Structures are given as structure tokens and as C-alpha cells.
**Q** 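Once you've had a glance at the structure underneath, I'll fire off some questions.
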Amino acid sequence: MTICLTVTNDLTYDQRMIRICTSLSRAGHKVLLVGRKEKKSIPLDKKEFSQKRLSCFFTKGKFFYVEYNVRLFVFLLFKKCDCLCAIDLDTILPVLACSKLKNIKRVFDAHELFCEMKEIVSRPKIYKAWKKIEKFSIPKFRNGYTVNIPIAREFEKMYGVKYEVIRSITVLKDLPEAENEDDCIILYQGAVNEGRSFETLIPAMQMVNAVLWVVGEGNFYQQAKMLVKDNILEDKIFFQGKMEPATLEQFTAKAYIGITLFDDKGLSNYFSLANRFFDYMHACVPQLCVNYPAYKEINGQFEVALLIDDLSAGNIARQLNRLLEDRELYERLQKNCLQARKVYNWQNEEKKLVEFYRRIEGIA
């Protein structure tokens with residue numbers, strides 16, 4: 001098939017979509033990934049699939065979403081393909097409209113419960129608008145997949161759709177040689193968004209003898225920087241901005257502890273299964289992680305993380321210090337990562353993705 005997948009972000013940094021599109025291309029499909037061109041966008045690397053970035057006048061807020069969706073609709077309308085795949089709710093309307101107009105297959109790829117993200121659920125008017133889009137659109141996407149069982153169950157409960165579970169897991173590679181760093185590095189990688197516990201993680205670093213690297217950007221980026229300034233932690237917390245996947249892998253390998261923390265405000269965080277959880281695992285970096293269902297299930301099989309319920313600054317500091325000081329615990333988690341990465345890897349998970357699209361291809 002010719003498959004077109006749509007996102008609203010810059011394609012360079014989207015490891016999940018790079019994995020998915022590469023696997024589909026290797027399975028024999030002709031794949032196009034459509035995203036957004038930002039002012040700071042760097043040239044796209046050549047991939048095994050095609051890429052297209054749409055430029056917009058507006059860069060954020062409702063005007064951006066309206067403009068981008070209109071531009072995406074026009075682009076898709078005149079693009080020849082057999083199957084359209086909307087990645088999350090923010091590109092679902094043009095995919096739905098074009099697939100109906102062109103009478104072609106459509107798929108929904110849900111990385112999260114979009115309406116239940118903290119930045120959505122905490123704003124009643126915005127929540128109401130996105131919820132209307134969700135209720136209107138998702139029942140019309142009978143074929144789809146998401147990243148874990150709890151999210152799949154929510155979609156079935158709300159809309160009667162039975163989505164596959166295809167987790168976003170890191171590609172298994174040889175471990176890089178460990179590098180000795182002068183400082184113990186604690187790493188947060190991913191979107192610097194609301195609901196990621198920066199309000200307590202940053203103050204916690206006052207009580208931890210280590211440095212914190214923050215790799216990524218997002219809607220809480222400037223607030224996070226202000227929190228560092230307010231807590232006088234400029235000498236301990238460093239913002240690295242966005243990184244290309246290959247560079248990020250090198251940074252992750254240098255870390256001593258990884259961070260996977262989410263507030264429980266909204267079901268999206270509670271039911272999350274973040275890419276970074278597997279990135280730390282594959283780098284054999286023990287992590288401090290929330291004790292939410294998806295992480296608890298995996299950690300019950302392979303103890304790769306120290307799970308916590310209390311996200312106060314005091315407890316985060318205590319648990320980070322425990323990882324720094326308890327050598328037996330740290331080495332146990334590290335050894336478990338070596339075993340877990342052999343089971344939880346993209347080479348195993350992509351088989352379900354390829355089989356899913358094989359079935360879609362066979363649908364009349």
C-alpha cells in the first residue's frame with residue numbers, strides 16, 4: 001500500500017514515527033510521513049520513507065491547529081495514497097474527511113488519551129472543543145492501535161472501538177561503551193510539557209548531589225527555566241533543547257539516572273507508557289518512575305526502575321539519593337535492564353505493526 005501518516009510536530013525529533021515508518025517501508029509499503037516545518041527546523045535527514053513538512057503562519061494555539069488542519073486537508077486531498085493514518089487527535093479531522101471523499105482506508109494511531117492530557121483537561125473550553133472532535137471522529141475509525149492495554153480499554157469503553165496494542169519501544173542495538181563523567185548526571189528526556197512534575201523535580205535538586213540535564217522543549221519550557229532561576233539552581237540544572245535521535249542516544253548513555261515522572265492530573269498521564277521509559281532501559285540506565293499501571297506491569301516482570309507514588313519534592317529527592325547511594329539497588333536495576341531490553345524492543349514489537357497493516361491491506 002501507499003500509506004500517508006500525519007503529525008503536527010517537526011519530523012526530525014519524532015523517534016516513534018521514524019521507527020513506525022521505517023518498519024512499514026521495510027515491509028514493502030510506500031510510506032509518506034507528513035509533519036510541520038518550524039522556524040528552527042533543521043534539514044531533514046534522508047530516510048527509508050518519504051517526508052513532507054508543511055509551513056504555517058501561526059505557530060501555536062487554536063489558530064495554528066485550524067491553519068495546519070486546513071493545509072493538511074488540501075495536501076491530502078491531492079495526494080494519491082491507499083491508506084491515511086492520523087497520529088493522535090490533532091490531525092484526525094482532515095484524515096477523516098479526505099479518506100471519506102477519496103473512499104480510501106483510514107487508521108487511527110493513538111499515542112495517548114489526547115483529551116485527558118493536563119494541558120487540555122485543566123482548560124474547560126479547550127477540553128470541550130477537543131472532546132467534541134474526539135466523540136465525532138473516533139467512532140468512525142474502526143481500525144486503530146495505541147501504546148498500551150489501559151488506553152485501548154478506555155477507547156473501547158468510550159466508543160466501542162477495539163484497537164490493537166503496539167507499544168512504542170526502542171530499537172535494540174549494541175550498548176555503547178560507558179563514559180566516565182565527573183558529575184553524576186540525572187537525565188530527563190522528552191517534551192517539557194505541563195504535567196511532567198517539573199514543579200517538584202526542580203526544587204528536589206536542591207537536596208541531591210548531582211546535576212540534571214533536561215533534553216527537549218515544550219509548553220512548560222519557559223516556566224521550567226524560571227523555576228530553576230527561582231530556586232537558584234542554574235549550576236545544577238541544564239537545558240539542552242531538542243536533540244536529533246542519534247545525539248540523544250549518546251546523551252542517554254552518559255546518564256546515571258533517568259527520570260519518568262508524570263502528575264496524575266488526567267487519565268493520559270496515569271495511563272501513559274512513555275518512550276523514555278524504554279530509552280533508559282535500553283541504555284541500562286536505572287530510572288525514577290511513577291508507579292502507574294503500564295510501568296508497574298513491566299517493572300513487575302523486570303525491575304528496571306524505582307517506582308514512586310509520592311511526587312513531592314522531598315520524596316523525589318530522597319529516592320534520587322537512594323539510587324545514588326544504594327549501590328546494590330542500582331546494580332540490580334542495571335542488570336535487569338540488560339535482560340529486559342532483550343524482551344522489550346522494537347524488533348519484537350514491529351511484527352504486530354506489520355501484521356496490522358497487512359490486515360488493513362486485505363480489507364476491501
Side-chain angles (χ1 to χ4, degrees), residues 9-19 40 42 111-112 117 147 167-173 175-176 178-179 181 183-202 204-205 208 210-225 227-228 233 236-263 269 272-290 292 294-295 298 304-306 308 311 316 319-320 323 333-334 337 340-341 344-346:
N9 52 286
D10 188 334
L11 309 182
T12 299
Y13 310 101
D14 196 332
Q15 295 188 74
R16 178 174 185 262
M17 293 314 303
I18 291 170
R19 283 193 293 267
K40 297 187 294 182
I42 62 176
H111 192 202
E112 58 206 348
M117 294 189 297
V147 295
R167 292 166 295 195
S168 182
I169 304 182
T170 310
V171 175
L172 183 63
K173 298 178 182 177
L175 279 170
E179 297 185 32
E181 296 287 333
D183 297 314
C184 278
I185 296 165
I186 299 169
L187 173 65
Y188 171 89
Q189 64 171 75
V192 184
N193 283 347
E194 291 183 40
R196 307 296 170 93
S197 300
F198 287 106
E199 297 93 330
T200 49
L201 173 61
I202 288 171
M205 289 304 298
V208 179
V211 298
L212 172 65
W213 285 351
V214 178
V215 179
E217 295 179 8
N219 59 35
F220 199 74
Y221 194 65
Q222 295 305 322
Q223 294 95 315
K225 282 189 167 183
L227 281 169
V228 170
L233 286 167
K236 292 180 77 173
I237 301 179
F238 304 97
F239 292 86
Q240 309 290 346
K242 291 182 179 179
M243 284 186 185
E244 294 181 65
T247 307
L248 180 57
E249 281 182 26
Q250 297 171 3
F251 258 65
T252 305
K254 295 178 182 179
Y256 192 76
I257 299 170
I259 295 289
T260 305
L261 298 179
F262 295 92
D263 302 348
N269 285 348
S272 66
L273 183 56
N275 298 348
R276 71 185 71 90
F277 180 82
F278 296 107
D279 287 346
Y280 301 141
M281 176 197 293
H282 275 249
C284 289
V285 174
Q287 59 186 293
L288 187 67
C289 179
V290 285
Y292 295 164
Y295 308 110
I298 294 172
V304 297
L306 180 58
I308 61 171
L311 297 178
I316 290 174
Q319 303 310 322
L320 286 174
L323 283 171
L333 299 181
Q334 205 170 37
C337 286
R341 69 198 294 272
Y344 292 101
N345 58 66
W346 183 244

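The structure displayed is predicted, hence computed values, not measured ones. Note that the numbering runs from 1 along the sequence shown for the chain.
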**Q** Atom CD of Gln334 and atom OH of Tyr256: how far apart are they, to the nearest 0.5 Å?
**A**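 With rounding to 0.5 Å, CD (Gln334) is 7.5 Å from OH (Tyr256).
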**Q** Show the nearest heavy-atom pair for residues Gly216 and Val192, with the distance to one decimal.
**A**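 What the structure gives for the nearest pair is O-CG2, 3.4 Å.
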**Q** For the residue pair Phe262 and Arg276, what are the closest heavy atoms and their distance?
**A**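 Looking at all heavy atoms of both residues, the shortest contact is CZ-NH1, 3.1 Å.
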**Q** Evaluate side chain to side chain contact (heavy atoms under 4.5 Å, CB included) for Met17 paired with Leu11, printing each intermediate quantity in order.
**A** CA-CA 8 Å; Met17 293 314 303; Leu11 309 182; over 6 Å; no
**Q** Dump the intermediate steps for side chain to side chain contact (heavy atoms under 4.5 Å, CB included) on Leu320 and Ile259, then the final yes or no.
**A** CA-CA 10 Å; Leu320 286 174; Ile259 295 289; 3.9 Å; yes
**Q** Would you say that Phe251 contacts Met243 through its side chain, given a criterion of any heavy-atom pair below 4.5 Å between the two side chains?
**A**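 Touching, per the 4.5 Å side-chain cut-off.
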**Q** Whether the side chain of Ser168 engages the backbone of Asn275 through a donor-acceptor N/O pair (distance < 3.5 Å, no angle test) should be reported.
**A**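 Absent.
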**Q** Please collect all salt bridge (Lys or Arg N to Asp or Glu O under 4.0 Å) contacts where either partner lies in residues 241-251, sequence neighbours excluded, each pair once.
**A**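 Salt bridge (Lys or Arg N to Asp or Glu O under 4.0 Å) check on residues 241-251 returns Glu38-Lys242, Lys173-Glu249.
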**Q** Do the side chains of Thr170 and Met281 get nearer than 4.5 Å, heavy atoms only?
**A**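 Side-chain contact under 4.5 Å: no.
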**Q** Find out whether Tyr280 and Leu187 are in side-chain contact, i.e. whether some heavy atom of one side chain is under 4.5 Å from a heavy atom of the other.
**A**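 Result yes, sub-4.5 Å side-chain heavy-atom pair found.
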**Q** For Ala283, which residues count as a side chain to side chain contact (heavy atoms under 4.5 Å, CB included) partner, sequence neighbours excluded?
**A**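 Side chain to side chain contact (heavy atoms under 4.5 Å, CB included) check on Ala283 returns Thr252, Val285.
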**Q** Nearest 0.5 Å, please: how far is CG in Asp10 from CD1 in Ile42?
**A**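 Here the interatomic distance stands at 7.5 Å.
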**Q** Applying ring-ring contact (aromatic ring centres under 6.0 Å, His included), can you list everything that pairs with Phe239, at least two apart in sequence or on another chain?
**A**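 Partners of Phe239 by the ring-ring contact (aromatic ring centres under 6.0 Å, His included) criterion, ordered by chain and then number, come out as Tyr221.
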**Q** Under 3.5 Å, is there a donor-acceptor pair between the side chain of Asn193 and the main chain of Gly218?
**A**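 No: the side chain of Asn193 does not pair with the backbone of Gly218.
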**Q** Checking Tyr13 now: which residues fulfil ring-ring contact (aromatic ring centres under 6.0 Å, His included) with it, not counting sequence neighbours?
**A**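 Partners of Tyr13 by the ring-ring contact (aromatic ring centres under 6.0 Å, His included) criterion come out as none, since no residue qualifies.
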**Q** Restricting to salt bridge (charged side-chain N to carboxylate O under 4.0 Å, His left out), what partner residues turn up for Glu217, sequence neighbours left out?
**A**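 Lys40.
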**Q** Can you check whether Tyr295 and Phe277 have ring centres sitting under 6.0 Å from each other?
**A**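 Yes - the distance between ring centres of Tyr295 and Phe277 falls below the 6.0 Å cut-off.
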**Q** With sequence neighbours excluded, tell me which residues meet salt bridge (charged side-chain N to carboxylate O under 4.0 Å, His left out) with Arg341.
**A**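 Checked Arg341 against salt bridge (charged side-chain N to carboxylate O under 4.0 Å, His left out); zero matches.
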**Q** For residues Phe238 and Leu212, determine if any side-chain heavy atom of one lies less than 4.5 Å from a side-chain heavy atom of the other.
**A**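 Not in contact.
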**Q** Looking at every non-hydrogen atom in both residues, tell me the closest pair between Val147 and Arg16 and how far apart they are.
**A**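 Reported closest heavy-atom pair: CG1-NH2, 3.8 Å.
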**Q** I'd like to know if the side chain of Lys254 reaches the main chain of Ile185, judged simply by a donor and an acceptor atom lying under 3.5 Å from each other, with no hydrogens or angles considered.
**A**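 Not a single qualifying donor-acceptor pair exists.
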**Q** Within the 4.5 Å heavy-atom criterion, are Val228 and Val214 side-chain neighbours or not?
**A**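 No, too far: nothing below the 4.5 Å cut-off.
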**Q** Considering all heavy atoms of both residues, which atom of Ala224 and which atom of Ile202 are nearest to each other, and what is their separation?
**A**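 Minimum heavy-atom separation between Ala224 and Ile202: O-CD1, 3.5 Å.
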**Q** Quick one: closest heavy-atom pair of Ser197 and Leu311, and the distance?
**A**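 For Ser197 versus Leu311, the nearest heavy atoms are OG-CD1, 3.8 Å.
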**Q** Looking only at non-hydrogen atoms, find the nearest pair between Pro245 and Ile18 and report the distance.
**A**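 Of all heavy-atom pairs spanning Pro245 and Ile18, the closest is CG-CD1, 4.3 Å.
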**Q** So, the side chain of His282 versus the backbone of Ile169: is there a donor-acceptor pair under 3.5 Å, distance only?
**A**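 No, because the side chain of His282 does not come within donor-acceptor range (under 3.5 Å) of the backbone of Ile169.
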**Q** Going by heavy atoms in the side chains, are Leu323 and Leu333 under 4.5 Å from each other?
**A**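 Yes - at least one pair of side-chain heavy atoms lies under 4.5 Å apart.
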**Q** Look up atom CG in Leu201 and atom CD1 in Ile186, then write down how far apart they are to the nearest 0.5 Å.
**A**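 The CD1 atom of Ile186 is 8.0 Å from CG of Leu201, to the nearest 0.5 Å.
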**Q** SG/Cys289 to CD1/Ile298 distance, rounded to the nearest 0.5 angstrom?
**A**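 Result: 9.0 Å between the selected atoms.
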**Q** Rounded to the nearest 0.5 Å, how far apart are NZ of Lys225 and CD1 of Ile237?
**A**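 Between atom NZ of Lys225 and atom CD1 of Ile237 there are 12.5 Å.
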**Q** Quick check: do Tyr292 and Thr260 have side-chain heavy atoms less than 4.5 Å from each other?
**A**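 No. Closest side-chain heavy atoms not under 4.5 Å.
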**Q** With the side chain counted from C-beta on, respond yes when Tyr188 and Leu261 share a heavy-atom pair under 4.5 Å apart, and no when they do not.
**A**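 Tyr188 does not reach Leu261 side chain to side chain.
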